[in-house]
Amino acid sequence: MKPPQAPGDLLLEVRDLVKHYPTQAGWFGGVGAKVHAVDGVSFSIAGGETLGLVGESGCGKSTTGKLILRLQEPTAGSILWRGRDISRLSQAEMRPVRRELQAVFQDPYSSLNPRIRAVDIVAEPLRNFEDMSSATAGDRMAQLFERVGLRADQMVKYPFEFSGGQRQRLGIARALSVQPKLIVCDEPVSALDVSVQAQVINLLMDLQQEMHLSYLFVAHDLAVVEHISHRVAVMYLGKIVEIASKQAIFTRPQHPYTEALLEAVPVPNPQVRKKRRVLTGDVPSPINPPPGCRFHTRCPYVEERCRREEPPLQQVSAGQWVACHLRQPVQQPATARATA
Ligand code: SF4
């Protein structure tokens, strides 16, 4: 399927991406089943754009990020990086791409080696790609430390000597050291205090402006996603159910699951009593996802058809794509249909 298009020059295009994990044999059998972690996901990201990827835990959003980074091998589908399919490249062929595609992970402490000084942690990706003298590398590191809000004299410290927010700044500096084009940010602020979250998010936004960076921003906190994203994709049980501009998602969501996620966001004003439609039931098992629409076991608008037929992701208005039988796709002009 052609993915919903990002506005602007495309950096990344993901088409029908699939990741299934075989289950382990247990005492009572169980071999042959598959975990449907990611099940036909398509989207694109333009230069300088942030795409937020949201959904409940276990929906496949972090796995999608790892597949794009090629930290895991996709079962099927393609990942086009600047027009070239990188989904089956060998590790050696991936090397130049890795420089352009970096990551910032959730837990800044466990993702930094505690026995290595901060400067060496940040310089490690750079050393993999460039030969440079210690003096030049030292100057580059000092600039980078200052750019992410750390002091040059902190370069000789170890990770345990930094606060959580400072450690995440180290993670960002490490990703930036090789001047990437896209950073996969996997829950980068969810382990931080709220006041520190805002500082790190603002830093990411400033860096984006300065360096024309793109982000795939994986998170479950909708307030954070609303602040940083240009467009937002909503995932449920391995599939994208809605993708649209931030304004469309937050002011006129079209998928019942997106509506439910937004209604669950707390309002920070005790005077405002929000009428909530709380989602009932758990997310079904990704080993045996429900037939038809995967959301039908929890959807307040479910119809008979939803239990049988899977709704395709269709464009319902300019830039807004939804997978729900209740929504009508925009009509293509006759000429476009004839040439499609
Ligand atoms: Fe609900 Fe049916 Fe739409 Fe699925 S297709 S979200 S079950 S109304």
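Counting starts at 1 for both ligands and their atoms, in listed order. The residues of the chain are indexed from 1 along the displayed sequence.
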Test log, rule salt bridge (Lys or Arg N to Asp or Glu O under 4.0 Å), inputs Arg127 and Asp120
CA-CA 9 Å; Arg127 285 212 191 94; Asp120 293 315; 3.2 Å; yes
Considering only heavy atoms, does Cys324 approach ligand 1 within less than 4.0 Å through its side chain, its backbone, both, or neither?
both
Could you tell me if Glu242 and Gln320 have a donor-acceptor pair between their side chains, going purely by distance under 3.5 Å?
yes
Check whether any heavy atom of His255 sits under 4.0 Å from an atom of ligand 1.
yes
In ligand 1, the atoms that come under 4.0 Å of a heavy atom of His296 are 7 (S)
What's the verdict on salt bridge (Lys or Arg N to Asp or Glu O under 4.0 Å) for Arg84 and Glu100, showing C-alpha distance, side-chain angles and the deciding distance?
CA-CA 13 Å; Arg84 178 188 183 201; Glu100 299 182 323; over 6 Å; no
Thinking salt bridges, do Glu93 and Arg70 make one under a 4.0 Å N-O criterion?
no
Just which atoms of ligand 1 are under 4.0 Å from any heavy atom in Leu326?
8 (S)
Of all the heavy atoms in His325, does at least one lie under 4.0 Å from an atom in ligand 1?
yes
N/O/S from Cys299 sitting under 2.8 Å away from atom 1 (Fe) of ligand 1
yes
Close-contact set for ligand 1 against Pro256 heavy atoms, below 4.0 Å:
6 (S)
pair Tyr257-Glu56: side-chain heavy atoms closer than 4.5 Å
yes
Less than 4.5 Å apart, side chain to side chain, heavy atoms only: is that true for Ile86 and Leu101?
yes
How close does the nearest protein non-hydrogen atom get to atom 4 (Fe) of ligand 1, and which residue and atom is it?
Cys293 SG, 2.3 Å
Sub-4.0 Å atoms of ligand 1 with respect to non-hydrogen atoms of Cys306:
2 (Fe), 5 (S), 7 (S), 8 (S)
Let me know which of Leu51, Ile45, Leu80 forms a side chain to side chain contact (heavy atoms under 4.5 Å, CB included) with Leu12.
Ile45
